[in-house]
Number of protein chains: 2
Amino acid sequence: MELREKRDESVRRILEAAMSVFAEEGYSGARVDEIAKRAGLNKAMIYYRIGDKLVLYTEVIHSLFGDIGSAIKGNIPADATPEEKLKIYIRGLALTIADHPYLPGIMMRELASGGGNISELVAEDFASILSIPANILTEGVNKGAFIKTNPVILHMMVVGFMMFFRTTEPVRKRYFERLPEDVRILNEKSISEGVNEVERLVLRAIKA
Amino acid sequence: MELREKRDESVRRILEAAMSVFAEEGYSGARVDEIAKRAGLNKAMIYYRIGDKLVLYTEVIHSLFGDIGSAIKGNIPADATPEEKLKIYIRGLALTIADHPYLPGIMMRELASGGGNISELVAEDFASILSIPANILTEGVNKGAFIKTNPVILHMMVVGFMMFFRTTEPVRKRYFERLPEDVRILNEKSISEGVNEVERLVLRAIKA
DNA sequence: AAATAGATTAACTAAAAAGTTAAATAATCT
DNA sequence: AGATTATTTAACTTTTTAGTTAATCTATTT
(Lines give C-alpha, C1' and ligand atoms only; values in the text may rest on other atoms or scores of the structure.)
Protein backbone atom coordinates (compact mmCIF):
# COMPACT_ATOMS: atom_id res chain seq x y z
CA MET A 1 0.00 0.00 0.00
CA GLU A 2 1.06 3.56 -0.62
CA LEU A 3 2.51 5.42 2.35
CA ARG A 4 0.00 8.23 2.37
CA GLU A 5 -2.89 5.83 2.04
CA LYS A 6 -1.54 3.85 4.96
CA ARG A 7 -1.23 6.91 7.12
CA ASP A 8 -4.69 8.22 6.28
CA GLU A 9 -6.18 4.79 6.79
CA SER A 10 -4.56 4.54 10.22
CA VAL A 11 -5.79 7.97 11.27
CA ARG A 12 -9.27 7.13 10.02
CA ARG A 13 -9.31 3.90 11.98
CA ILE A 14 -8.03 5.55 15.14
CA LEU A 15 -10.67 8.28 15.00
CA GLU A 16 -13.44 5.81 14.30
CA ALA A 17 -12.38 3.49 17.11
CA ALA A 18 -11.96 6.45 19.44
CA MET A 19 -15.43 7.72 18.66
CA SER A 20 -17.05 4.41 19.46
CA VAL A 21 -15.13 3.98 22.70
CA PHE A 22 -15.69 7.56 23.85
CA ALA A 23 -19.40 7.24 23.07
CA GLU A 24 -19.68 4.05 25.08
CA GLU A 25 -17.45 4.90 28.01
CA GLY A 26 -17.05 8.65 28.12
CA TYR A 27 -13.73 10.44 28.23
CA SER A 28 -12.46 9.12 31.55
CA GLY A 29 -13.96 5.69 31.04
CA ALA A 30 -12.33 5.23 27.64
CA ARG A 31 -9.08 3.27 27.63
CA VAL A 32 -6.41 4.19 25.14
CA ASP A 33 -5.49 0.51 24.88
CA GLU A 34 -9.07 -0.34 23.98
CA ILE A 35 -9.12 2.32 21.28
CA ALA A 36 -5.89 0.94 19.81
CA LYS A 37 -7.28 -2.56 19.96
CA ARG A 38 -10.47 -1.60 18.12
CA ALA A 39 -8.46 0.29 15.55
CA GLY A 40 -6.37 -2.84 15.06
CA LEU A 41 -3.21 -0.86 15.71
CA ASN A 42 -0.59 -0.47 18.36
CA LYS A 43 -1.26 2.10 21.04
CA ALA A 44 1.89 4.00 20.17
CA MET A 45 0.34 4.79 16.78
CA ILE A 46 -2.20 7.01 18.50
CA TYR A 47 0.49 9.08 20.14
CA TYR A 48 2.53 9.11 16.95
CA ARG A 49 -0.30 10.23 14.63
CA ILE A 50 -2.69 12.17 16.83
CA GLY A 51 -1.38 13.01 20.26
CA ASP A 52 -2.42 12.29 23.81
CA LYS A 53 -5.84 11.22 24.98
CA LEU A 54 -7.22 14.72 25.31
CA VAL A 55 -6.09 15.76 21.84
CA LEU A 56 -7.68 12.62 20.47
CA TYR A 57 -10.93 13.37 22.24
CA THR A 58 -11.02 16.96 21.01
CA GLU A 59 -10.38 15.71 17.49
CA VAL A 60 -13.27 13.27 17.73
CA ILE A 61 -15.69 15.85 19.10
CA HIS A 62 -14.72 18.27 16.40
CA SER A 63 -15.14 15.80 13.56
CA LEU A 64 -18.52 14.84 14.96
CA PHE A 65 -20.14 18.24 15.36
CA GLY A 66 -18.21 20.00 12.66
CA ASP A 67 -20.33 19.20 9.64
CA ILE A 68 -23.75 18.74 11.19
CA GLY A 69 -24.98 22.31 11.08
CA SER A 70 -24.33 22.80 7.42
CA ALA A 71 -25.81 19.41 6.57
CA ILE A 72 -29.21 20.32 8.00
CA LYS A 73 -29.29 23.80 6.57
CA GLY A 74 -28.55 22.60 3.06
CA ASN A 75 -31.77 20.62 2.73
CA ILE A 76 -34.26 23.43 3.11
CA PRO A 77 -35.51 24.99 -0.16
CA ALA A 78 -36.00 28.76 0.10
CA ASP A 79 -39.40 28.73 -1.58
CA ALA A 80 -41.03 26.14 0.69
CA THR A 81 -43.83 27.17 3.07
CA PRO A 82 -42.89 27.64 6.73
CA GLU A 83 -44.75 24.40 7.57
CA GLU A 84 -42.78 22.48 4.99
CA LYS A 85 -39.56 24.05 6.17
CA LEU A 86 -40.26 23.08 9.75
CA LYS A 87 -40.95 19.51 8.70
CA ILE A 88 -37.70 19.36 6.77
CA TYR A 89 -35.82 20.78 9.73
CA ILE A 90 -37.23 18.15 12.10
CA ARG A 91 -36.55 15.41 9.59
CA GLY A 92 -33.03 16.76 9.06
CA LEU A 93 -32.31 16.51 12.75
CA ALA A 94 -33.65 12.96 12.84
CA LEU A 95 -31.58 11.94 9.83
CA THR A 96 -28.46 13.45 11.29
CA ILE A 97 -28.92 11.58 14.53
CA ALA A 98 -29.62 8.39 12.60
CA ASP A 99 -26.48 8.93 10.53
CA HIS A 100 -24.31 9.47 13.57
CA PRO A 101 -25.03 6.71 16.04
CA TYR A 102 -22.43 8.00 18.47
CA LEU A 103 -23.77 11.53 18.54
CA PRO A 104 -26.38 11.22 21.32
CA GLY A 105 -24.04 9.49 23.75
CA ILE A 106 -21.18 11.88 23.23
CA MET A 107 -23.36 14.96 23.22
CA MET A 108 -25.26 14.04 26.37
CA ARG A 109 -22.04 13.34 28.20
CA GLU A 110 -20.52 16.56 26.98
CA LEU A 111 -23.49 18.53 28.24
CA ALA A 112 -23.52 16.64 31.52
CA SER A 113 -19.97 17.73 32.16
CA GLY A 114 -20.69 21.34 31.35
CA GLY A 115 -19.50 21.25 27.76
CA GLY A 116 -15.93 21.95 28.76
CA ASN A 117 -14.64 20.36 25.59
CA ILE A 118 -16.97 22.19 23.27
CA SER A 119 -14.74 24.45 21.26
CA GLU A 120 -15.47 27.85 19.82
CA LEU A 121 -16.00 26.17 16.50
CA VAL A 122 -18.59 23.74 17.79
CA ALA A 123 -20.36 26.52 19.66
CA GLU A 124 -20.67 28.31 16.35
CA ASP A 125 -22.19 25.16 14.85
CA PHE A 126 -24.73 25.06 17.65
CA ALA A 127 -25.65 28.69 17.17
CA SER A 128 -25.97 28.04 13.45
CA ILE A 129 -28.29 25.07 14.01
CA LEU A 130 -30.45 27.12 16.39
CA SER A 131 -30.80 29.83 13.81
CA ILE A 132 -32.66 27.41 11.52
CA PRO A 133 -35.85 27.02 13.58
CA ALA A 134 -35.51 30.66 14.65
CA ASN A 135 -35.69 31.84 11.05
CA ILE A 136 -38.46 29.44 10.12
CA LEU A 137 -40.59 30.53 13.08
CA THR A 138 -40.05 34.20 12.34
CA GLU A 139 -41.04 33.69 8.72
CA GLY A 140 -44.09 31.70 9.81
CA VAL A 141 -45.20 34.43 12.20
CA ASN A 142 -44.73 37.11 9.54
CA LYS A 143 -46.83 35.13 7.08
CA GLY A 144 -49.51 34.58 9.71
CA ALA A 145 -49.01 30.81 9.69
CA PHE A 146 -47.57 30.37 13.19
CA ILE A 147 -48.10 31.82 16.62
CA LYS A 148 -45.12 33.49 18.29
CA THR A 149 -42.98 30.79 19.89
CA ASN A 150 -39.52 30.57 21.37
CA PRO A 151 -37.36 28.61 18.89
CA VAL A 152 -34.97 27.35 21.55
CA ILE A 153 -37.74 25.69 23.48
CA LEU A 154 -39.07 24.10 20.35
CA HIS A 155 -35.62 22.98 19.31
CA MET A 156 -34.84 21.52 22.70
CA MET A 157 -38.14 19.68 22.84
CA VAL A 158 -37.51 18.13 19.44
CA VAL A 159 -33.84 17.32 19.96
CA GLY A 160 -34.52 16.30 23.54
CA PHE A 161 -37.07 13.77 22.39
CA MET A 162 -34.72 12.31 19.79
CA MET A 163 -31.77 12.00 22.14
CA PHE A 164 -33.87 10.49 24.89
CA PHE A 165 -35.63 8.15 22.54
CA ARG A 166 -32.34 6.78 21.31
CA THR A 167 -30.49 6.61 24.58
CA THR A 168 -33.35 5.12 26.58
CA GLU A 169 -33.66 2.31 24.07
CA PRO A 170 -31.52 -0.20 26.00
CA VAL A 171 -33.35 0.54 29.24
CA ARG A 172 -36.73 0.31 27.57
CA LYS A 173 -35.73 -2.99 26.00
CA ARG A 174 -34.36 -4.38 29.25
CA TYR A 175 -37.46 -3.66 31.29
CA PHE A 176 -39.90 -4.28 28.48
CA GLU A 177 -42.47 -6.27 30.45
CA ARG A 178 -43.19 -3.70 33.10
CA LEU A 179 -43.72 -0.81 30.70
CA PRO A 180 -47.19 0.67 30.20
CA GLU A 181 -49.05 -0.51 27.09
CA ASP A 182 -48.36 2.70 25.16
CA VAL A 183 -44.65 2.52 25.72
CA ARG A 184 -44.51 -1.07 24.65
CA ILE A 185 -46.24 -0.23 21.40
CA LEU A 186 -43.83 2.64 20.74
CA ASN A 187 -40.94 0.37 21.60
CA GLU A 188 -41.72 -1.82 18.65
CA LYS A 189 -41.96 1.13 16.32
CA SER A 190 -39.03 2.78 14.66
CA ILE A 191 -37.77 6.22 15.51
CA SER A 192 -39.13 7.54 12.21
CA GLU A 193 -42.66 6.84 13.35
CA GLY A 194 -41.89 8.72 16.53
CA VAL A 195 -40.58 11.60 14.46
CA ASN A 196 -43.82 11.67 12.46
CA GLU A 197 -45.74 12.12 15.67
CA VAL A 198 -43.38 14.83 16.91
CA GLU A 199 -43.82 16.66 13.64
CA ARG A 200 -47.58 16.48 13.94
CA LEU A 201 -47.55 17.66 17.57
CA VAL A 202 -45.19 20.52 16.87
CA LEU A 203 -47.24 21.77 13.95
CA ARG A 204 -50.46 21.58 15.94
CA ALA A 205 -48.76 23.45 18.77
CA ILE A 206 -47.62 26.42 16.75
CA LYS A 207 -50.19 26.72 13.96
CA ALA A 208 -51.89 30.09 14.12
CA MET B 1 -21.14 14.33 69.58
CA GLU B 2 -23.06 11.10 69.97
CA LEU B 3 -21.66 8.09 68.18
CA ARG B 4 -24.74 7.37 66.09
CA GLU B 5 -25.07 10.97 65.09
CA LYS B 6 -21.45 11.01 64.05
CA ARG B 7 -21.86 7.91 61.95
CA ASP B 8 -25.04 9.15 60.26
CA GLU B 9 -23.49 12.53 59.65
CA SER B 10 -20.46 10.92 58.00
CA VAL B 11 -22.61 8.74 55.77
CA ARG B 12 -24.71 11.73 54.82
CA ARG B 13 -21.65 13.75 53.92
CA ILE B 14 -20.13 10.94 51.92
CA LEU B 15 -23.30 10.44 49.89
CA GLU B 16 -23.71 14.14 49.26
CA ALA B 17 -20.11 14.58 48.19
CA ALA B 18 -20.32 11.48 46.03
CA MET B 19 -23.42 12.74 44.28
CA SER B 20 -21.82 16.04 43.38
CA VAL B 21 -18.63 14.43 42.12
CA PHE B 22 -20.43 11.72 40.15
CA ALA B 23 -22.68 14.36 38.60
CA GLU B 24 -19.72 16.47 37.54
CA GLU B 25 -17.32 13.76 36.44
CA GLY B 26 -19.31 10.62 35.80
CA TYR B 27 -18.56 7.25 37.33
CA SER B 28 -15.12 6.67 35.80
CA GLY B 29 -14.15 10.31 36.03
CA ALA B 30 -14.99 10.56 39.70
CA ARG B 31 -12.06 10.14 42.07
CA VAL B 32 -12.62 8.49 45.40
CA ASP B 33 -10.04 10.83 46.91
CA GLU B 34 -11.98 13.82 45.65
CA ILE B 35 -15.19 12.51 47.16
CA ALA B 36 -13.46 12.02 50.50
CA LYS B 37 -11.99 15.50 50.28
CA ARG B 38 -15.37 17.10 49.61
CA ALA B 39 -16.91 15.10 52.42
CA GLY B 40 -14.14 16.38 54.66
CA LEU B 41 -13.27 12.84 55.65
CA ASN B 42 -10.54 10.32 55.10
CA LYS B 43 -10.94 8.07 52.08
CA ALA B 44 -10.90 4.98 54.25
CA MET B 45 -14.17 6.15 55.80
CA ILE B 46 -15.90 5.53 52.49
CA TYR B 47 -14.76 1.92 52.40
CA TYR B 48 -15.51 1.52 56.09
CA ARG B 49 -19.05 2.91 55.98
CA ILE B 50 -20.29 2.28 52.43
CA GLY B 51 -18.11 -0.01 50.38
CA ASP B 52 -16.17 0.26 47.15
CA LYS B 53 -16.68 2.81 44.42
CA LEU B 54 -19.39 0.87 42.62
CA VAL B 55 -21.41 0.27 45.77
CA LEU B 56 -21.17 3.96 46.53
CA TYR B 57 -22.34 4.86 43.04
CA THR B 58 -25.29 2.48 43.18
CA GLU B 59 -26.26 3.92 46.53
CA VAL B 60 -26.18 7.44 45.12
CA ILE B 61 -28.22 6.55 42.04
CA HIS B 62 -30.77 4.78 44.14
CA SER B 63 -31.19 7.61 46.61
CA LEU B 64 -31.61 10.00 43.71
CA PHE B 65 -34.26 8.23 41.67
CA GLY B 66 -35.92 6.37 44.48
CA ASP B 67 -38.49 8.89 45.63
CA ILE B 68 -39.08 10.91 42.49
CA GLY B 69 -41.91 8.95 40.96
CA SER B 70 -44.10 9.04 44.02
CA ALA B 71 -43.38 12.73 44.59
CA ILE B 72 -44.83 13.71 41.22
CA LYS B 73 -47.81 11.41 41.45
CA GLY B 74 -48.82 12.72 44.86
CA ASN B 75 -49.51 16.23 43.61
CA ILE B 76 -52.29 15.44 41.16
CA PRO B 77 -55.86 15.73 42.53
CA ALA B 78 -58.18 13.06 41.18
CA ASP B 79 -61.01 15.50 40.40
CA ALA B 80 -58.98 17.92 38.28
CA THR B 81 -59.65 18.24 34.56
CA PRO B 82 -57.22 16.47 32.21
CA GLU B 83 -55.79 19.85 31.22
CA GLU B 84 -55.13 20.79 34.82
CA LYS B 85 -53.63 17.39 35.50
CA LEU B 86 -51.28 17.71 32.58
CA LYS B 87 -50.16 21.11 33.78
CA ILE B 88 -49.50 19.77 37.26
CA TYR B 89 -47.56 16.86 35.81
CA ILE B 90 -45.33 19.17 33.77
CA ARG B 91 -44.84 21.46 36.73
CA GLY B 92 -44.10 18.48 38.95
CA LEU B 93 -41.33 17.36 36.62
CA ALA B 94 -39.88 20.86 36.56
CA LEU B 95 -39.98 21.14 40.35
CA THR B 96 -38.32 17.76 40.76
CA ILE B 97 -35.50 18.74 38.45
CA ALA B 98 -35.14 22.08 40.23
CA ASP B 99 -35.01 20.28 43.59
CA HIS B 100 -32.35 17.85 42.45
CA PRO B 101 -29.60 19.82 40.76
CA TYR B 102 -27.52 16.71 40.16
CA LEU B 103 -30.31 14.76 38.52
CA PRO B 104 -29.87 15.88 34.89
CA GLY B 105 -26.14 15.22 34.81
CA ILE B 106 -26.35 11.83 36.40
CA MET B 107 -29.36 10.76 34.39
CA MET B 108 -27.94 11.85 31.05
CA ARG B 109 -24.71 10.04 31.74
CA GLU B 110 -26.56 6.95 32.86
CA LEU B 111 -28.55 6.90 29.65
CA ALA B 112 -25.47 7.62 27.54
CA SER B 113 -23.83 4.53 28.94
CA GLY B 114 -26.84 2.35 28.30
CA GLY B 115 -28.27 2.56 31.78
CA GLY B 116 -26.17 -0.32 32.98
CA ASN B 117 -26.41 0.89 36.56
CA ILE B 118 -30.14 1.40 36.55
CA SER B 119 -31.51 -1.17 38.92
CA GLU B 120 -34.82 -3.00 38.79
CA LEU B 121 -36.06 -0.59 41.41
CA VAL B 122 -35.22 2.51 39.42
CA ALA B 123 -36.70 0.98 36.28
CA GLU B 124 -39.92 0.57 38.22
CA ASP B 125 -39.78 4.23 39.16
CA PHE B 126 -39.40 5.14 35.50
CA ALA B 127 -42.34 3.01 34.49
CA SER B 128 -44.35 4.56 37.27
CA ILE B 129 -43.51 8.08 36.12
CA LEU B 130 -44.44 7.22 32.53
CA SER B 131 -47.80 5.94 33.64
CA ILE B 132 -48.73 9.45 34.82
CA PRO B 133 -48.96 11.15 31.41
CA ALA B 134 -50.29 7.90 29.97
CA ASN B 135 -53.28 7.95 32.32
CA ILE B 136 -53.89 11.66 31.91
CA LEU B 137 -53.88 11.37 28.12
CA THR B 138 -56.23 8.40 28.16
CA GLU B 139 -58.64 10.24 30.43
CA GLY B 140 -58.42 13.31 28.21
CA VAL B 141 -59.19 11.29 25.09
CA ASN B 142 -62.14 9.58 26.76
CA LYS B 143 -63.56 12.93 27.84
CA GLY B 144 -63.08 14.31 24.35
CA ALA B 145 -60.58 16.92 25.53
CA PHE B 146 -57.45 15.59 23.85
CA ILE B 147 -56.52 13.98 20.57
CA LYS B 148 -54.92 10.55 20.72
CA THR B 149 -51.22 10.97 21.43
CA ASN B 150 -48.36 8.77 22.44
CA PRO B 151 -47.53 9.58 26.07
CA VAL B 152 -43.89 8.52 25.80
CA ILE B 153 -43.24 10.99 23.03
CA LEU B 154 -44.88 13.73 24.99
CA HIS B 155 -43.01 12.80 28.13
CA MET B 156 -39.68 12.67 26.35
CA MET B 157 -40.28 16.00 24.68
CA VAL B 158 -41.05 17.62 28.02
CA VAL B 159 -38.30 15.94 30.02
CA GLY B 160 -35.91 16.30 27.10
CA PHE B 161 -36.47 20.04 27.04
CA MET B 162 -35.91 20.38 30.77
CA MET B 163 -32.74 18.32 30.84
CA PHE B 164 -31.32 20.09 27.81
CA PHE B 165 -32.26 23.48 29.10
CA ARG B 166 -30.45 22.87 32.35
CA THR B 167 -27.38 21.12 30.99
CA THR B 168 -26.83 23.51 28.10
CA GLU B 169 -26.82 26.44 30.48
CA PRO B 170 -23.03 26.67 30.90
CA VAL B 171 -22.50 26.42 27.15
CA ARG B 172 -25.18 29.00 26.45
CA LYS B 173 -23.62 31.31 29.02
CA ARG B 174 -20.13 30.82 27.70
CA TYR B 175 -20.97 31.62 24.10
CA PHE B 176 -23.61 34.20 24.90
CA GLU B 177 -22.64 36.80 22.33
CA ARG B 178 -22.92 34.65 19.27
CA LEU B 179 -26.36 33.29 20.09
CA PRO B 180 -29.37 34.32 17.98
CA GLU B 181 -31.55 37.06 19.52
CA ASP B 182 -34.24 34.62 20.66
CA VAL B 183 -31.83 32.43 22.51
CA ARG B 184 -30.28 35.36 24.27
CA ILE B 185 -33.67 36.47 25.51
CA LEU B 186 -34.46 33.01 26.79
CA ASN B 187 -31.06 32.83 28.39
CA GLU B 188 -31.94 35.66 30.70
CA LYS B 189 -35.23 34.09 31.63
CA SER B 190 -35.63 31.45 34.29
CA ILE B 191 -36.51 27.86 33.61
CA SER B 192 -40.00 28.43 35.01
CA GLU B 193 -40.79 30.80 32.16
CA GLY B 194 -39.58 28.13 29.77
CA VAL B 195 -41.82 25.63 31.47
CA ASN B 196 -44.80 27.96 31.03
CA GLU B 197 -44.17 28.01 27.33
CA VAL B 198 -43.76 24.24 27.16
CA GLU B 199 -47.06 23.85 28.96
CA ARG B 200 -48.78 26.16 26.50
CA LEU B 201 -47.27 24.39 23.49
CA VAL B 202 -48.12 20.92 24.76
CA LEU B 203 -51.72 21.85 25.48
CA ARG B 204 -52.14 23.44 22.05
CA ALA B 205 -50.60 20.35 20.48
CA ILE B 206 -52.98 17.84 22.02
CA LYS B 207 -56.21 19.79 22.50
CA ALA B 208 -59.02 18.14 20.58
C1' DA C 1 -11.10 6.16 85.77
C1' DA C 2 -10.05 2.10 83.38
C1' DA C 3 -11.63 -0.85 79.76
C1' DT C 4 -13.97 -1.35 75.58
C1' DA C 5 -15.97 -0.47 71.22
C1' DG C 6 -16.50 2.47 67.41
C1' DA C 7 -14.89 6.44 64.40
C1' DT C 8 -11.18 8.29 61.95
C1' DT C 9 -6.75 8.82 59.89
C1' DA C 10 -1.82 8.57 57.75
C1' DA C 11 0.68 5.86 55.31
C1' DC C 12 0.85 2.08 52.63
C1' DT C 13 0.15 -1.57 48.60
C1' DA C 14 -1.61 -3.21 44.28
C1' DA C 15 -3.49 -2.54 40.08
C1' DA C 16 -4.56 -0.15 36.11
C1' DA C 17 -3.86 3.03 32.78
C1' DA C 18 -1.31 6.73 30.31
C1' DG C 19 2.53 7.68 27.91
C1' DT C 20 7.60 6.56 25.87
C1' DT C 21 11.39 4.37 23.47
C1' DA C 22 14.21 1.80 20.73
C1' DA C 23 14.02 -1.62 17.46
C1' DA C 24 11.69 -3.88 13.38
C1' DT C 25 9.18 -3.67 9.25
C1' DA C 26 7.66 -1.73 4.94
C1' DA C 27 7.46 1.69 1.35
C1' DT C 28 10.08 5.17 -1.45
C1' DC C 29 13.83 7.19 -3.66
C1' DT C 30 18.41 7.21 -6.15
C1' DA D 1 19.78 -3.30 -5.18
C1' DG D 2 21.02 -0.43 -1.52
C1' DA D 3 20.20 3.76 1.13
C1' DT D 4 16.67 6.42 3.16
C1' DT D 5 12.50 7.69 5.18
C1' DA D 6 8.03 6.66 7.20
C1' DT D 7 5.07 3.30 9.62
C1' DT D 8 4.33 0.12 13.15
C1' DT D 9 5.20 -2.56 17.13
C1' DA D 10 6.77 -4.94 21.69
C1' DA D 11 8.33 -3.93 25.75
C1' DC D 12 9.10 -0.61 28.90
C1' DT D 13 8.51 3.50 32.53
C1' DT D 14 5.69 6.64 34.98
C1' DT D 15 1.67 8.24 36.86
C1' DT D 16 -2.61 7.82 38.66
C1' DT D 17 -6.01 5.79 41.39
C1' DA D 18 -8.57 2.22 43.86
C1' DG D 19 -8.32 -0.17 47.81
C1' DT D 20 -6.02 -1.79 52.61
C1' DT D 21 -3.95 -1.77 57.10
C1' DA D 22 -2.44 -0.80 61.40
C1' DA D 23 -2.37 2.72 64.52
C1' DT D 24 -4.79 6.79 66.85
C1' DC D 25 -8.29 9.29 68.62
C1' DT D 26 -12.99 9.68 70.74
C1' DA D 27 -17.17 8.34 72.78
C1' DT D 28 -19.44 4.85 75.66
C1' DT D 29 -19.77 1.43 79.12
C1' DT D 30 -18.62 -0.77 83.54
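Side chains are part of it too, since the values below use all heavy atoms of this structure and drop only hydrogens, waters and symmetry mates. A note on names: the letters A, B, ... follow the listed sequences, proteins ahead of strands, and every chain is numbered from 1.
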B/Glu139: partners by salt bridge (Lys or Arg N to Asp or Glu O under 4.0 Å), with sequence neighbours left out: B/Lys85, B/Lys143
Any residue meeting salt bridge (Lys or Arg N to Asp or Glu O under 4.0 Å) with B/Glu83, in chain and number order, not counting sequence neighbours: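 Checked B/Glu83 against salt bridge (Lys or Arg N to Asp or Glu O under 4.0 Å); zero matches.
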NZ/NE/NH1/NH2 to OD/OE distance under 4.0 Å, B/Arg38 and B/Glu24: yes
Considering residues at least two apart in sequence or located in another chain, which fulfil the side-chain hydrogen bond (donor to acceptor under 3.5 Å, both in side chains) criterion with [X]?
| X | result |
| --- | --- |
| A/Arg12 | A/Glu9, A/Glu16 |
| B/Lys53 | none |
| A/Glu124 | B/Arg178 |
| B/Glu25 | none |

Where at least one partner belongs to residues 149-164 of chain B, residue pairs that pass salt bridge (charged side-chain N to carboxylate O under 4.0 Å, His left out), sequence neighbours excluded: none
A/Ile50 CD1 to C/dG19 P, straight-line distance once rounded to whole Å: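 Rounded to the whole Å, the gap is 14 Å.
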Please write out each protein N/O paired with an N/O of nucleotides 4-7 of chain C under 3.5 Å, distance rounded to 0.1 Å.
from	atom 1	to	atom 2	distance (Å)
C/dA7	OP1	B/Arg49	NH1	3.1
C/dA7	OP2	B/Tyr48	OH	2.7
C/dA7	OP2	B/Arg49	NH1	3.1

First and last nucleotide of DNA chain D, 5' to 3', lying under 4.0 Å from heavy atoms of chain B: D/dT17 to D/dT28
Touch class at under 4.0 angstrom, heavy-atom based, for A/Ala36 against every strand present: nothing
Touch class at under 4.0 angstrom, heavy-atom based, for B/Ala39 against every strand present: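 No contact.
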Contact list for residues 37-61 of chain A, test ring pair (Phe, Tyr, Trp, His ring centres under 6.0 Å), sequence neighbours left out: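 Found A/Phe22-A/Tyr57, A/Tyr27-A/Tyr57.
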Extract from the structure each pairing of a protein N or O with an N or O of nucleotides 10-16 of chain C at less than 3.5 Å, listing the distance.
from	atom 1	to	atom 2	distance (Å)
C/dA10	N7	B/Asn42	ND2	3.0

Cut-off 3.5 Å, no hydrogens considered: what does the side-chain donor-acceptor table look like for residues 90-98 of chain B, sequence neighbours left out?
from	atom 1	to	atom 2	distance (Å)
B/Arg91	NE	B/Glu199	OE1	2.9
B/Arg91	NH2	B/Asn196	OD1	2.8
B/Arg91	NH2	B/Glu199	OE1	2.5
B/Arg91	NH2	B/Glu199	OE2	3.2
B/Thr96	OG1	B/Gly92	O	2.7

